[in-house]
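First up is the structure itself, then whatever we jot down about it.
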Amino acid sequence: MRAGARIAHALVRHELLLLAAIVRWLGRRPHGVGDGRRGFGYARGQGAMLFGFGFVCVIETVALSVLLRGFPLLHLVFLVVDLYTILIVVGLHAASVTRPHVLGATALRLRRFATVDLSVPLGSVAAVHRELRTTHTKREGELDLVIGSQTSISLELAEPVTYRTFLGRSRTVRLVRFHADEPDVLVAELRQALGQALKPGRTAPSPLPDPSA
């Protein structure tokens, strides 16, 4: 029962985050940026794929409407399902636009849609590399935030970082690969932020907000 409740809660929360992302997208209000925190997008890496999927969903909706016009109840059921699917596709794109990676003075917040939100303290970063990968094998202690079948940056951690998966399970990682639309810019600014964080006598800035917010 507890597992079922946890899964149901995760699914409902995910749907609500997608709907909120659509509102933010229409209002052009990215989440988590500002006050010295800079966002780095990754939406271009999968925009064409989502557009294609959304287009197919629209064609399917029209085709089923024609085929099922003689069955009103069945037509209504499929119409609701198809329109909701299109809404979710729009929500996924909106989430990728409005929930970018965020670099602050004390942490790097890595995200993918509304499913992954991982805050990595800069003090835990051992190295950052510009590394393009198009194939990924799932390994213990590694997290691949693949966008459009690729990652472009690798982040090695000096100490493990724990985050919660989509279904609420805790997982520890020491290597994170992710994608950014401007990977060279992000790598350069992250290295600069790492250098600033290591300066002695530096006043500690405000931390990033809680990823669960």
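Counting only residues at least two apart or on different chains, the side chain to side chain donor-acceptor pair (under 3.5 Å) pairs with a member in residues 71-86 are Glu15-Tyr84, Ser65-His75. Within the structure, every pair that satisfies the salt bridge (charged side-chain N to carboxylate O under 4.0 Å, His left out) test and touches residues 125-135, not counting sequence neighbours, is listed here: Arg130-Asp184, Glu131-Arg133. Each salt bridge (charged side-chain N to carboxylate O under 4.0 Å, His left out) pair with one or both residues in residues 50-71, not counting sequence neighbours, would appear here, but there are none.
Counting heavy-atom neighbours within 6.0 Å of His9 NE2, excluding the residue itself, gives a total of 12 or less. Atom CG of Leu73 has 12 or fewer neighbouring heavy atoms from other residues, nucleotides or ligands inside a 6.0 Å radius. The local environment of CZ in Phe78 is sparse, with at most 12 non-hydrogen atoms from other residues, nucleotides or ligands closer than 6.0 Å.
Each of Leu87 and Leu17 belongs to its own hydrophobic cluster when Ile, Leu, Val, Met, Phe, Trp and Tyr are linked at side-chain heavy-atom distances under 4.5 angstrom. Note on Ile147 and Ile88: same hydrophobic cluster, where clusters join Ile, Leu, Val, Met, Phe, Trp and Tyr whose side-chain heavy atoms are under 4.5 Å apart, directly or indirectly. Criterion: ILVMFWY side-chain heavy atoms under 4.5 Å apart, direct or through other members. Under it, Leu26 and Leu18 are part of a common hydrophobic cluster. Residues Val89 and Leu64 fall into different hydrophobic clusters, defined by Ile, Leu, Val, Met, Phe, Trp and Tyr side chains chained together at heavy-atom separations under 4.5 Å. Val146 and Val116 fall into different hydrophobic clusters, defined by Ile, Leu, Val, Met, Phe, Trp and Tyr side-chain heavy atoms under 4.5 Å apart, directly or through other members.
At a threshold of 4.5 Å between non-hydrogen side-chain atoms, the residues Ile153 and Val128 count as touching. Within the 4.5 Å cutoff, the side chain of Glu189 has heavy atoms near those of the Leu103 side chain. Looking only at side-chain heavy atoms (C-beta outward), Leu190 and Leu108 come within less than 4.5 Å of each other. In this structure the side chain of Leu79 never reaches within 4.5 angstrom of the side chain of Leu68, judged on heavy atoms. Looking at Glu182 and Leu186, their side chains never come closer than 4.5 Å, going by heavy atoms from C-beta outward. Under the 4.5 Å side-chain criterion, counting only non-hydrogen atoms from C-beta, Pro160 is not in contact with Val173. Between Thr98 and Val23, every side-chain heavy-atom pair lies at or beyond the 4.5 Å cut-off.
Taking both residues in full, the closest heavy atoms of His136 and Ser149 are given as CE1-O, 4.2 Å, listed atom of the first, atom of the second, then distance. When all heavy atoms of Phe40 and Val185 are compared, the closest pair comes out as CE2-CG1, 4.0 Å. The two residues Pro100 and Gly39 make their nearest non-hydrogen contact at CG-CA, 4.1 Å. The two residues Val97 and Ala43 make their nearest non-hydrogen contact at CG2-CB, 3.8 Å. Smallest separation of non-hydrogen atoms from Tyr42 and Phe113: OH-N, 3.0 Å. Ala21 and Gly91 get closest at one heavy-atom pair: CB-O, 4.3 Å.
For Arg174 (side chain) and Ala158 (main-chain N/O), a donor-acceptor pair under 3.5 Å exists by modelled atom type. Between the side chain of Arg24 and the backbone N or O of Arg29, at least one donor-acceptor pair lies under 3.5 Å. Here the side chain of Tyr163 pairs no donor or acceptor atom with the backbone of Val120 at under 3.5 angstrom. Although no hydrogens or angles enter the test, the distance criterion places no donor-acceptor pair under 3.5 Å between the side chain of Arg111 and the main chain of Leu118.
Within the model, atoms CD of Glu140 and CG of Leu175 stand 12.5 Å from one another, a figure rounded to the nearest 0.5 Å. Summarising the geometry, atom CZ belonging to Arg177 is positioned 11.0 Å from atom CG belonging to Leu145; distances are rounded to the nearest 0.5 Å.
Judged purely by distance below 3.5 Å, without hydrogens or angles, the side chains of Glu156 and His129 pair a donor atom with an acceptor atom. Between the side chains of Thr115 and His14, no donor-acceptor pair of N or O atoms lies under 3.5 Å. Using modelled atom types and a 3.5 Å distance limit, the side chains of Ser124 and Glu159 yield a donor-acceptor pair. Counted by atom type alone, Ser152 and His179 present one or more donor-acceptor pairs between their side chains at under 3.5 Å.
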- Task: Determine, stepwise, if the pair Arg109 / His31 fulfils side chain to side chain contact (heavy atoms under 4.5 Å, CB included).
- Result: CA-CA 11 Å; Arg109 189 173 183 178; His31 180 269; 3.7 Å; yes
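Evaluation of the ring pair (Phe, Tyr, Trp, His ring centres under 6.0 Å) rule for Phe178 yields His101 as partners, not counting sequence neighbours.
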List, one per line, each side-chain donor-acceptor pair under 3.5 Å for residues 164-171, sequence neighbours excluded.
{"unit_1": "Arg164", "atom_1": "NH1", "unit_2": "Gly168", "atom_2": "O", "d": "2.7"}
{"unit_1": "Thr165", "atom_1": "OG1", "unit_2": "Arg169", "atom_2": "N", "d": "3.1"}
{"unit_1": "Thr165", "atom_1": "OG1", "unit_2": "Arg169", "atom_2": "O", "d": "3.4"}
{"unit_1": "Arg171", "atom_1": "NH2", "unit_2": "Glu142", "atom_2": "O", "d": "2.5"}

Counting only pairs under 3.5 Å, give me each side-chain donor-acceptor contact of residues 50-58, with atom names and distances, residues two or more places apart or in other chains.
none

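In this structure, Asp117 pairs ionically with Arg99, as a charged nitrogen and a carboxylate oxygen lie closer than 4.0 Å.
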